[in-house]
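Chain naming here is simple, since letters A, B, ... match the order of the sequence lines and numbering starts at 1 in each.
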Amino acid sequence: MLASAFERLALPVRRWIWQQKWASLRDVQEKAIPIVLDGGDVVISARTAAGKTEAAFLPLLSRLVESEQTADGFAVLYVSPLKALINDQHRRLESLCEACDVLLHKWHGDVNESAKARARRRPSGIVLITPESLEALLVRRGGEVPRLFGRLDTVVIDELHAFIGTERGMQLQSLLTRIEAATGRQRIDRIGLSATLGDMQLAAEALRPGDGQEVSIVEGADEGNGLKLQIRGYEVSASVAAVKPPEDDKAPGESPEPFEASDVPEALANDLFRILRGRSNLLFAGSRAKVETYTDRLSAMCRQERLPNEFFAHHGNLAKAVREEVEIRLRDDPRPTTAVATMTLELGIDIGEVATVAQIGPGFSVASLRQRLGRSGRRADKPAILRIFAVETAAGPSSHPIDRLHLDLVQSIAMVECLRENWCEPPTVAGLHLSTLIHQILALILQTGGVRPLVAWELLCNRGPFRSVEKMVFVDLLRCMASPANQLVEQSPQGMLMLGAKGEKIAESYEFYAVFMSEVEYRIVDETRTLGTYPIAAPVAPNETLIFAGRRWRIVSVDDEARVITVQPTRAGKPPYFAGDGGDIHDHIVAKMREVLAGDEGYFYLDETAAQLLAAARGAFRDLGLHERSLLPSGDNVLIFPWVGTKQLKTLLLALLARKMKGSAAWHAIEILEASADSVLRKLEDIAANEDPDAMRLADHLAMPQLAKFDHVLSSELMNLVTIRERLDVPVLPSIAAKVLIS
DNA sequence: GACCTGCTGCGGCGTG
């Protein structure tokens with residue numbers, strides 16, 4: 001097997017491998033080479049750093065070398081969700097391509113216009129591109145598409161999981177369909193590269209919608225070296241005193257700026273410092289505000305100990321240069337460095353070896369936990385180490401039932417159990433994605449100069465990815481786009497769809513190419529450079545203080561016209577404000593939480609406090625009778641514990657609100673206000689008996705912020721349709737209510 | 001109770 005995979009590669013490719021002095025091909029490469037050489041669609045899945053890129057490109061380059069190369073079209077199109085990843089891959093593939101005499105082009109927003117023009121004049125070889133740059137190319141140079149892509153051999157999609165079920169994923173699928181249509185090709189081979197996914201069949205279907213069974217699947221063996229786990233518990237009193245910054249950090253005469261009580265408990269700060277200091281680590285803090293608070297606290301501890309700082313913030317609102325300093329220090333600098341980060345350090349980018357991955361709280365998904373874990377233990381002899389720090393409020397018999405159940409800790413345990421059972425969330429592929437479809441209709445008109453409505457529907461919805469959009473919905477959508485208020489499109493006397501006045505305007509701007517929404521933000525600058533961006537919704541005024549990029553600042557001026565906030569270093573600071581909108585926790589995790597609470601199994605990875613907190617939570621679970629019922633009177637209110645995921649919980653809540661109850665979601669429960677258990681029971685019986693719930697009635701009770709870029713174009717009927725299909729889970733409503741009634 | 005991603009064409013000016 002080993003010999004045969006290698007021997008099937010073209011001579012220049014084999015010669016390049018000899019030059020690299022590789023002892024052998026990696027497992028995933030052995031498996032992928034013969035399959036990719038034979039052609040067809042392939043998903044290649046393996047853990048980070050297992051050699052997926054070469055698994056695809058060694059055989060692809062072999063095919064290229066052995067075919068007749070010309071300069072009349074690109075041969076391979078590689079699409080990546082990140083510019084940084086394109087730069088990494090370019091570095092990685094450069095010498096291999098050179099050895100094979102194949103041109104390799106980078107193509108994204110930071111690449112020179114002249115380099116792109118050169119590639120366009122004599123198109124050949126491999127292009128590494130983002131979906132947005134590909135969109136721009138199709139929209140601005142629609143006429144050149146047949147010449148550029150007419151001889152395309154293969155499309156490679158990197159980080160396939162990042163595209164599944166998302167707006168950008170729909171756009172990418174649509175782009176590929178548009179290329180296939182414009183070049184008159186039935187089918188151009190697709191190769192998806194991905195970290196290990198929960199469900200490979202879903203990945204195959206995402207790669208080739210409607211024909212997933214025809215996709216070959218290559219899974220790399222798990223070459224991991226074991227996993228070391230710990231969950232550490234922390235109990236803080238409900239009325240914990242505000243944690244103040246150290247005295248010596250305040251300038252004389254400066255007014256004190258106490259931190260919020262929710263900031264960093266003393267015992268947790270001490271443990272984090274003790275565990276992380278002196279080595280290189282990742283600390284996933286959970287939100288941008290927490291990244292700033294924890295970085296600030298831990299660097300203040302360095303100062304107190306008279307040590308050089310080793311804690312640095314890393315999140316999406318920090319300027320690229322600020323983030324790169326942290327990445328380079330992690331990768332190349334021998335000094336110990338802990339990056340305190342959000343999910344910015346979860347994906348692809350090379351940051352070298354870290355000793356520990358630590359996380360505050362359970363996070364939102366097992367998939368992300370798995371991805372984070374992949375960041376440690378990459379060296380052959382070291383296991384991956386993951387520590388979760390769970391902070392719980394002290395609770396007694398008189399406390400609120402939800403506090404007594406210590407749900408943060410219980411969720412952490414449930415998620416670790418899922419991880420150990422090798423389960424992770426399957427990507428969600430449902431959804432109408434009408435906002436993205438509006439974008440693609442505009443893009444198709446720009447690319448072709450005009451299109452008939454039926455042709456557009458055939459291409460985008462029947463052949464392309466918007467499969468759940470029926471003709472009638474498509475017609476409604478076109479009406480919204482053409483309405484006098486929107487004027488995105490109009491129809492010519494011959495029946496062609498053309499851009500309307502406002503459509504023209506939108507398409508002129510470079511902001512058109514991305515399908516996702518982006519907020520308006522201020523730039524934060526100190527005397528020398530831009531530190532990052534700050535939401536316009538956050539209230540700021542001169543002389544207020546702010547923690548940003550892990551340091552403390554005083555706001556000098558706010559220029560609303562230029563949207564610039566100028567800051568100066570100072571010695572006190574308040575955590576920043578970022579709006580967030582909460583994530584969906586999967587059903588499987590919440591069901592597992594109930595198992596953890598109802599069971600008596602011990603978990604070897606809990607520290608003493610965590611074990612005590614779990615024992616207390618299990619005691620409360622039985623005391624409250626939750627092992628035999630799901631309804632709990634609590635003062636004037638009633639708590640419902642359906643033990644389902646966020647989406648289903650929200651749907652059940654809406655069904656109750658639609659039946660004139662008052663209440664809200666409270667953690668993993670629903671709290672109904674001023675009602676008796678009996679009255680709630682009757683409503684639940686009604687919901688359980690109603691096999692065909694009136695979905696539109698539910699949507700009426702839901703606050704519907706415009707979440708996607710073109711949601712404002714949709715009529716309220718279409719907006720409701722989107723909400724019901726994408727944000728709620730209406731069909732299961734009767735069965736959830738029935739389940740609550742039985743238990 | 002959240003997070004992340006991306007961007008063209010052209011006019012105007014300075015430099016080699």
Original post:
Nearest-Å distance, CD (A:E521) to P (B:dC3)?
Top reply: 12 Å
Subject >> Value in whole Å for how far the C1' atom of B:dC3 lies from CD1 of A:I360 >> reply: 16 Å
Subject >> cation_pi(A:R232, A:F389) dist<6.0 Å, angle<=45 >> reply: no
Original post:
Which parts of nucleotides 5-16 of chain B does protein reach within less than 4.0 Å, heavy atoms only, written one letter per nucleotide 5' to 3' as B for base, S for sugar-phosphate only and - for none?
Top reply: BBBBS-------
Original post:
Within this structure, what is the CG-to-P distance between A:L649 and B:dG1, rounded to whole angstrom?
Top reply: 15 Å
**OP:** Measure from CD on A:E159 to P on B:dC3 and round the result to the nearest Å.
**Re:** 21 Å
**OP:** Sort out for me which residue in A:H433, A:K709, A:E167 forms a side chain to side chain contact (heavy atoms under 4.5 Å, CB included) with A:V515.
**Re:** A:E167
**OP:** Pick base, sugar-phosphate or nothing for A:E167, based on heavy-atom distances below 4.0 Å to the nucleic acid.
**Re:** nothing
Original post:
Quick one: are A:S174 and A:L460 in side-chain contact, heavy atoms under 4.5 Å?
Top reply: yes
Original post:
Tell me: CD of A:E292 to P of B:dC3, nearest whole Å?
Top reply: 12 Å
Subject >> Partner residues of A:H406 under the side chain to side chain donor-acceptor pair (under 3.5 Å) criterion, sequence neighbours left out >> reply: A:E392
Subject >> Value in whole Å for how far the C1' atom of B:dA2 lies from NZ of A:K290 >> reply: 10 Å
**OP:** Please lay out, stage by stage, how A:H314 and A:E324 fare under the test side chain to side chain donor-acceptor pair (under 3.5 Å).
**Re:** CA-CA 9 Å; A:H314 195 287; A:E324 272 170 0; over 6 Å; no
Original post:
Out of B:dC3, B:dG1, B:dC4, which has the shortest distance to the side chain of A:S287?
Top reply: B:dC3
Original post:
What's the CD-P distance between A:Q411 and B:dA2, to the nearest Å?
Top reply: 13 Å
**OP:** Write out all pairs satisfying salt bridge (Lys or Arg N to Asp or Glu O under 4.0 Å) with one or both partners inside residues 436-448 of chain A, taking only residues at least two apart or from two chains.
**Re:** none
Original post:
For A:D408 and A:H315, take the nucleotide of DNA chain B holding the closest heavy atom to each; which residue's nucleotide lies nearer the 5' end?
Top reply: A:D408
